[in-house]
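Data first, discussion second: the structure below is written as C-alpha coordinates.
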There are 2 protein chains.
Amino acid sequence: MSVPLYQAKAEFFRMLGHPVRIRVLELLQLGPTPVRDLLAAIDVEPSNLSQQLAVLRRAGIVTATRDSTTVVYALAGTDVADLMRTARRILTDLLLGQEELLAELRDADARSE
Amino acid sequence: MSVPLYQAKAEFFRMLGHPVRIRVLELLQLGPTPVRDLLAAIDVEPSNLSQQLAVLRRAGIVTATRDSTTVVYALAGTDVADLMRTARRILTDLLLGQEELLAELRDADARSE
DNA sequence: TGATGAATTGAAGACTTCTTCAAGTTGTTA
DNA sequence: TAACAACTTGAAGAAGTCTTCAATTCATCA
(Lines give C-alpha, C1' and ligand atoms only; values in the text may rest on other atoms or scores of the structure.)
Protein backbone atom coordinates (compact mmCIF):
# COMPACT_ATOMS: atom_id res chain seq x y z
CA MET A 1 0.00 0.00 0.00
CA SER A 2 0.78 3.68 -0.25
CA VAL A 3 3.48 5.98 -1.53
CA PRO A 4 6.92 5.80 0.16
CA LEU A 5 7.48 8.64 2.57
CA TYR A 6 10.42 10.14 0.69
CA GLN A 7 8.25 10.35 -2.39
CA ALA A 8 5.43 12.04 -0.48
CA LYS A 9 8.01 14.49 0.86
CA ALA A 10 9.32 15.23 -2.60
CA GLU A 11 5.80 15.89 -3.85
CA PHE A 12 5.14 18.10 -0.87
CA PHE A 13 8.22 20.23 -1.55
CA ARG A 14 7.43 20.38 -5.24
CA MET A 15 3.98 21.67 -4.33
CA LEU A 16 5.71 24.51 -2.48
CA GLY A 17 8.05 25.23 -5.39
CA HIS A 18 6.31 28.13 -7.06
CA PRO A 19 6.61 31.85 -6.27
CA VAL A 20 2.88 32.53 -6.38
CA ARG A 21 2.11 29.58 -4.14
CA ILE A 22 4.74 30.73 -1.65
CA ARG A 23 3.27 34.22 -1.58
CA VAL A 24 -0.23 32.85 -1.04
CA LEU A 25 0.92 30.74 1.89
CA GLU A 26 2.71 33.71 3.39
CA LEU A 27 -0.34 35.94 3.04
CA LEU A 28 -2.61 33.27 4.53
CA GLN A 29 -0.42 33.17 7.60
CA LEU A 30 -1.85 36.59 8.44
CA GLY A 31 -5.35 35.10 8.46
CA PRO A 32 -8.09 33.90 6.07
CA THR A 33 -8.08 35.98 2.93
CA PRO A 34 -10.53 36.46 0.04
CA VAL A 35 -9.26 35.77 -3.45
CA ARG A 36 -9.84 39.42 -4.26
CA ASP A 37 -7.21 40.46 -1.70
CA LEU A 38 -4.75 37.83 -2.88
CA LEU A 39 -5.16 39.17 -6.38
CA ALA A 40 -4.53 42.72 -5.19
CA ALA A 41 -1.39 41.67 -3.32
CA ILE A 42 0.18 39.36 -5.90
CA ASP A 43 1.03 40.35 -9.43
CA VAL A 44 -0.70 37.54 -11.29
CA GLU A 45 -3.65 36.93 -13.65
CA PRO A 46 -6.86 35.75 -11.96
CA SER A 47 -6.93 32.48 -13.84
CA ASN A 48 -3.32 31.81 -13.04
CA LEU A 49 -3.91 32.48 -9.36
CA SER A 50 -6.87 30.09 -9.46
CA GLN A 51 -4.66 27.40 -10.94
CA GLN A 52 -2.11 27.83 -8.17
CA LEU A 53 -4.82 27.88 -5.52
CA ALA A 54 -6.15 24.65 -6.98
CA VAL A 55 -2.72 23.06 -6.51
CA LEU A 56 -2.69 24.10 -2.85
CA ARG A 57 -6.26 22.87 -2.37
CA ARG A 58 -5.54 19.50 -3.94
CA ALA A 59 -2.59 19.12 -1.59
CA GLY A 60 -4.93 19.86 1.30
CA ILE A 61 -2.76 22.64 2.70
CA VAL A 62 -5.45 25.30 2.27
CA THR A 63 -9.25 25.36 2.37
CA ALA A 64 -11.67 27.47 0.38
CA THR A 65 -15.08 28.59 1.60
CA ARG A 66 -17.56 30.63 -0.31
CA ASP A 67 -19.10 33.68 1.31
CA SER A 68 -21.82 34.66 -1.15
CA THR A 69 -19.92 36.23 -4.00
CA THR A 70 -16.36 35.96 -2.71
CA VAL A 71 -14.23 32.91 -1.94
CA VAL A 72 -12.10 32.97 1.18
CA TYR A 73 -8.96 30.88 1.52
CA ALA A 74 -7.34 29.81 4.76
CA LEU A 75 -4.51 27.57 5.93
CA ALA A 76 -5.80 24.11 6.71
CA GLY A 77 -4.62 24.29 10.28
CA THR A 78 -1.15 22.96 9.57
CA ASP A 79 1.92 24.77 10.76
CA VAL A 80 3.20 26.30 7.57
CA ALA A 81 4.73 29.24 9.39
CA ASP A 82 7.27 26.99 11.06
CA LEU A 83 8.29 25.49 7.73
CA MET A 84 8.75 28.92 6.17
CA ARG A 85 10.85 30.07 9.11
CA THR A 86 13.10 27.04 8.82
CA ALA A 87 13.37 27.48 5.07
CA ARG A 88 14.29 31.12 5.52
CA ARG A 89 17.01 30.22 8.01
CA ILE A 90 18.59 27.65 5.70
CA LEU A 91 18.23 29.96 2.75
CA THR A 92 19.95 32.75 4.63
CA ASP A 93 22.80 30.39 5.46
CA LEU A 94 23.08 29.30 1.84
CA LEU A 95 23.06 32.83 0.48
CA LEU A 96 25.57 33.91 3.09
CA GLY A 97 27.80 31.02 2.10
CA GLN A 98 27.56 32.13 -1.50
CA GLU A 99 28.50 35.68 -0.59
CA GLU A 100 31.53 34.44 1.27
CA LEU A 101 32.46 32.42 -1.75
CA LEU A 102 32.06 35.47 -3.94
CA ALA A 103 34.19 37.49 -1.56
CA GLU A 104 36.90 34.84 -1.71
CA LEU A 105 36.80 34.87 -5.48
CA ARG A 106 37.03 38.66 -5.48
CA ASP A 107 40.06 38.51 -3.18
CA ALA A 108 41.67 35.80 -5.23
CA ASP A 109 41.11 37.96 -8.27
CA ALA A 110 42.71 40.95 -6.59
CA ARG A 111 45.75 38.82 -5.92
CA SER A 112 45.47 37.74 -9.56
CA GLU A 113 45.49 34.01 -8.81
CA MET B 1 19.90 43.68 -7.37
CA SER B 2 18.95 40.16 -6.37
CA VAL B 3 16.06 37.75 -6.64
CA PRO B 4 12.96 38.44 -4.47
CA LEU B 5 12.92 36.29 -1.38
CA TYR B 6 9.72 34.44 -2.29
CA GLN B 7 11.32 33.43 -5.54
CA ALA B 8 14.46 32.21 -3.83
CA LYS B 9 12.24 30.21 -1.49
CA ALA B 10 10.33 28.68 -4.38
CA GLU B 11 13.59 27.64 -6.03
CA PHE B 12 14.83 26.21 -2.78
CA PHE B 13 11.73 24.04 -2.35
CA ARG B 14 11.86 22.97 -5.97
CA MET B 15 15.43 21.88 -5.41
CA LEU B 16 14.13 19.61 -2.63
CA GLY B 17 11.33 18.27 -4.82
CA HIS B 18 12.79 15.00 -6.02
CA PRO B 19 12.69 11.61 -4.30
CA VAL B 20 16.36 10.81 -4.91
CA ARG B 21 17.47 14.21 -3.63
CA ILE B 22 15.36 13.77 -0.51
CA ARG B 23 16.89 10.36 0.15
CA VAL B 24 20.39 11.72 -0.30
CA LEU B 25 19.75 14.53 2.16
CA GLU B 26 18.31 12.07 4.65
CA LEU B 27 21.29 9.75 4.34
CA LEU B 28 23.75 12.64 4.68
CA GLN B 29 22.14 13.55 7.97
CA LEU B 30 23.77 10.41 9.36
CA GLY B 31 27.17 11.78 8.36
CA PRO B 32 29.42 12.27 5.31
CA THR B 33 28.89 9.47 2.83
CA PRO B 34 30.78 8.22 -0.22
CA VAL B 35 28.89 8.05 -3.49
CA ARG B 36 29.36 4.30 -3.45
CA ASP B 37 27.27 4.00 -0.28
CA LEU B 38 24.58 6.33 -1.62
CA LEU B 39 24.38 4.14 -4.69
CA ALA B 40 24.04 1.03 -2.57
CA ALA B 41 21.27 2.59 -0.50
CA ILE B 42 19.22 4.24 -3.23
CA ASP B 43 17.77 2.43 -6.20
CA VAL B 44 19.08 4.65 -9.00
CA GLU B 45 21.55 4.57 -11.91
CA PRO B 46 24.99 6.04 -11.17
CA SER B 47 24.66 8.74 -13.79
CA ASN B 48 21.23 9.70 -12.55
CA LEU B 49 22.51 9.93 -8.98
CA SER B 50 25.35 12.14 -10.20
CA GLN B 51 22.87 14.45 -11.88
CA GLN B 52 20.87 14.78 -8.70
CA LEU B 53 24.02 15.31 -6.63
CA ALA B 54 24.99 18.05 -9.06
CA VAL B 55 21.67 19.81 -8.38
CA LEU B 56 22.32 19.69 -4.63
CA ARG B 57 25.88 20.88 -5.11
CA ARG B 58 24.84 23.80 -7.31
CA ALA B 59 22.35 24.83 -4.63
CA GLY B 60 25.19 24.77 -2.13
CA ILE B 61 23.37 22.49 0.27
CA VAL B 62 25.99 19.73 0.04
CA THR B 63 29.73 19.60 -0.54
CA ALA B 64 31.80 17.00 -2.34
CA THR B 65 35.38 16.13 -1.51
CA ARG B 66 37.51 13.59 -3.26
CA ASP B 67 39.38 11.01 -1.21
CA SER B 68 41.63 9.38 -3.77
CA THR B 69 39.29 7.22 -5.77
CA THR B 70 36.02 7.87 -3.99
CA VAL B 71 33.99 11.05 -3.67
CA VAL B 72 32.47 11.83 -0.30
CA TYR B 73 29.40 14.02 0.07
CA ALA B 74 28.37 15.93 3.18
CA LEU B 75 25.77 18.45 4.24
CA ALA B 76 27.11 21.97 3.90
CA GLY B 77 26.59 22.70 7.57
CA THR B 78 23.02 23.88 7.20
CA ASP B 79 20.26 22.51 9.34
CA VAL B 80 18.45 20.28 6.92
CA ALA B 81 17.33 17.93 9.66
CA ASP B 82 15.07 20.57 11.13
CA LEU B 83 13.45 21.23 7.79
CA MET B 84 12.80 17.53 7.23
CA ARG B 85 11.29 17.19 10.69
CA THR B 86 8.94 20.10 10.07
CA ALA B 87 8.02 18.76 6.66
CA ARG B 88 7.28 15.35 8.15
CA ARG B 89 5.03 16.90 10.78
CA ILE B 90 3.01 18.87 8.24
CA LEU B 91 2.89 15.91 5.93
CA THR B 92 1.59 13.68 8.71
CA ASP B 93 -1.11 16.23 9.44
CA LEU B 94 -2.07 16.41 5.79
CA LEU B 95 -2.21 12.64 5.34
CA LEU B 96 -4.18 12.29 8.55
CA GLY B 97 -6.64 14.88 7.30
CA GLN B 98 -7.01 12.94 4.09
CA GLU B 99 -7.68 9.72 5.97
CA GLU B 100 -10.38 11.43 7.99
CA LEU B 101 -11.89 12.68 4.78
CA LEU B 102 -11.80 9.18 3.34
CA ALA B 103 -13.43 7.80 6.47
CA GLU B 104 -16.19 10.39 6.18
CA LEU B 105 -16.74 9.48 2.56
CA ARG B 106 -16.89 5.80 3.49
CA ASP B 107 -19.49 6.52 6.18
CA ALA B 108 -21.51 8.69 3.85
CA ASP B 109 -21.39 5.86 1.35
CA ALA B 110 -22.59 3.35 3.92
CA ARG B 111 -25.58 5.59 4.57
CA SER B 112 -25.93 5.75 0.77
CA GLU B 113 -25.92 9.52 0.57
C1' DT C 1 -35.19 36.95 -16.23
C1' DG C 2 -31.05 38.99 -18.06
C1' DA C 3 -26.82 41.22 -17.02
C1' DT C 4 -22.88 41.63 -14.14
C1' DG C 5 -19.00 40.44 -11.04
C1' DA C 6 -16.06 36.93 -8.80
C1' DA C 7 -13.75 32.95 -9.32
C1' DT C 8 -12.87 28.48 -11.56
C1' DT C 9 -12.09 25.13 -15.28
C1' DG C 10 -10.25 22.81 -19.50
C1' DA C 11 -7.21 22.75 -23.05
C1' DA C 12 -3.11 23.96 -25.84
C1' DG C 13 1.43 25.47 -26.52
C1' DA C 14 5.71 27.12 -24.23
C1' DC C 15 8.96 25.98 -21.05
C1' DT C 16 11.47 22.93 -17.50
C1' DT C 17 12.98 19.09 -15.48
C1' DC C 18 13.97 13.92 -15.75
C1' DT C 19 16.09 9.91 -17.36
C1' DT C 20 19.27 7.64 -20.05
C1' DC C 21 23.14 6.92 -23.06
C1' DA C 22 27.61 7.41 -24.65
C1' DA C 23 31.78 9.74 -23.77
C1' DG C 24 35.02 12.03 -20.57
C1' DT C 25 37.80 12.83 -16.00
C1' DT C 26 40.66 11.57 -12.32
C1' DG C 27 43.37 8.77 -9.78
C1' DT C 28 45.21 4.03 -8.91
C1' DT C 29 47.31 -0.24 -9.80
C1' DA C 30 49.74 -3.69 -12.79
C1' DT D 1 52.12 3.71 -19.67
C1' DA D 2 47.99 0.91 -20.30
C1' DA D 3 43.98 -0.79 -18.04
C1' DC D 4 40.68 -0.15 -14.64
C1' DA D 5 37.35 1.74 -11.23
C1' DA D 6 34.65 5.48 -9.49
C1' DC D 7 32.28 9.34 -10.81
C1' DT D 8 30.81 13.10 -13.73
C1' DT D 9 29.30 15.42 -17.93
C1' DG D 10 26.69 16.63 -22.23
C1' DA D 11 23.05 15.91 -25.01
C1' DA D 12 18.54 14.31 -26.57
C1' DG D 13 13.99 12.65 -26.15
C1' DA D 14 10.25 11.74 -22.69
C1' DA D 15 7.54 13.49 -19.09
C1' DG D 16 5.86 17.05 -16.30
C1' DT D 17 4.65 21.88 -15.04
C1' DC D 18 3.34 26.83 -16.35
C1' DT D 19 0.85 30.36 -18.52
C1' DT D 20 -2.84 31.92 -21.05
C1' DC D 21 -7.21 31.91 -23.42
C1' DA D 22 -11.91 31.13 -23.97
C1' DA D 23 -15.74 29.09 -21.80
C1' DT D 24 -18.24 28.06 -17.41
C1' DT D 25 -20.30 28.27 -12.80
C1' DC D 26 -22.46 30.60 -9.06
C1' DA D 27 -24.61 34.18 -6.76
C1' DT D 28 -26.33 38.92 -6.79
C1' DC D 29 -28.68 42.96 -8.52
C1' DA D 30 -31.50 45.70 -11.84
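A, B, ... follow the sequence lines: proteins, then strands. Residue 1 opens every chain.
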For [X] and [Y], which heavy atoms make the closest approach, and how far apart are they?
X	Y	answer
B:Tyr73	B:Leu28	O-CD2, 3.5 Å
B:Arg57	B:Val62	N-CG2, 3.7 Å
A:Thr92	A:Arg88	OG1-O, 2.6 Å
A:Ala64	A:Val71	CB-CG1, 3.9 Å
B:Gly60	B:Ala76	O-CB, 3.3 Å
B:Leu39	B:Glu45	CD2-C, 4.2 Å

Quiz item: Cluster question for you: counting only ILVMFWY and a side-chain heavy-atom cut-off of under 4.5 Å, with indirect links fine, are B:Val35 and B:Val72 together?
Solution: no
Self-check item: Within one Ile-Leu-Val-Met-Phe-Trp-Tyr cluster: A:Leu16 and A:Leu5, side-chain cutoff 4.5 Å
Solution: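 Cluster IDs for A:Leu16 and A:Leu5 match.
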In whole angstrom, what separates [X]'s [atom1] from [N]'s [atom2]?
X	N	atom1	atom2	result
A:Glu11	D:dT17	CD	C1'	14 Å
B:Asn48	D:dG10	CG	P	16 Å
B:Leu49	D:dC7	CG	P	9 Å
B:Leu53	C:dC18	CG	C1'	15 Å
B:Gln51	C:dC18	CD	P	10 Å
B:Arg66	C:dT28	CZ	P	8 Å
A:Arg58	D:dC18	CZ	C1'	13 Å
B:Leu56	D:dT8	CG	C1'	15 Å

Quiz item: Below 4.0 angstrom from OP1 or OP2 of C:dA6, is there any side-chain N or O of A:Tyr73?
Solution: no
Quiz prompt | N or O in side chain of A:Thr69 less than 4.0 angstrom from D:dA27 OP1/OP2 | solution =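 So the side chain of A:Thr69 is outside the cut-off, no N or O lying under 4.0 Å from OP1 or OP2 of D:dA27.
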Quiz item: Which ones in residues 23-35 of chain A lie close to DNA chain C, meaning a heavy atom under 4.0 Å from one of its atoms?
Solution: A:Val35
Practice problem: Identify, residue by residue, the members of residues 37-45 of chain A with a heavy atom below 4.0 Å from DNA chain C, and return them in order of residue number, or none. | Solution: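 Nothing qualifies; none.
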Quiz item: With distance as the sole test, does B:Arg21 use its side chain to make a donor-acceptor pair with the main-chain N or O of B:Met15 at under 3.5 Å?
Solution: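 Such a contact is found between B:Arg21 side chain and B:Met15 backbone.
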Quiz item: Any donor-acceptor pair under 3.5 Å linking the side chain of A:Arg23 with the backbone of B:Tyr6?
Solution: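 No, because the side chain of A:Arg23 does not come within donor-acceptor range (under 3.5 Å) of the backbone of B:Tyr6.
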For the side chain of [X], starting at C-beta, report the closest nucleotide among [options].
X	options	result
A:Arg21	D:dC18, D:dC7, C:dT28	D:dC18
B:Arg14	C:dT9, C:dT17, D:dC7	C:dT17
B:His18	C:dT8, C:dC18, C:dC21	C:dC18
A:Arg57	C:dT8, C:dC21, C:dT28	C:dT8

Self-check item: Steps toward side chain to side chain contact (heavy atoms under 4.5 Å, CB included) verdict (B:Ile42, B:Leu27)
Solution: CA-CA 10 Å; B:Ile42 310 175; B:Leu27 289 168; 3.8 Å; yes
Practice problem: Report yes if a donor N or O on one partner sits less than 3.5 Å from an acceptor N or O on the other, where the partners are the side chain of A:Ser47 and the base of D:dC21; otherwise report no. | Solution: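 In this structure, the two groups form a donor-acceptor pair.
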Practice problem: Classify the nucleic acid contact of A:Ser68 as base, sugar-phosphate or nothing, counting any heavy atom under 4.0 Å across all strands shown. | Solution: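 Answer is sugar-phosphate: A:Ser68 comes under 4.0 Å of backbone atoms only.
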Exercise. Would you indicate what B:Thr70 reaches in the nucleic acid, counting non-hydrogen atoms under 4.0 angstrom: base, sugar-phosphate, or nothing?
Key: sugar-phosphate
Quiz prompt | side chain to side chain contact (heavy atoms under 4.5 Å, CB included) assessment of A:Ile61 paired with A:Val80 | solution = CA-CA 9 Å; A:Ile61 202 168; A:Val80 172; 3.8 Å; yes
Quiz item: Which residue, B:Asp67 or B:Gln52, contacts DNA chain C at a nucleotide closer to its 5' end, judged by nearest heavy atom?
Solution: B:Gln52
Quiz prompt | Pair assignment for DNA chain D - dot-bracket with | for other-strand partners, Watson-Crick or G-U under 3.5 Å | solution = ||||||||||||||||||||||||||||||
Quiz item: Got a second to check how far A:Ile90's CD1 is from B:Leu83's CG, nearest 0.5 Å?
Solution: 4.5 Å
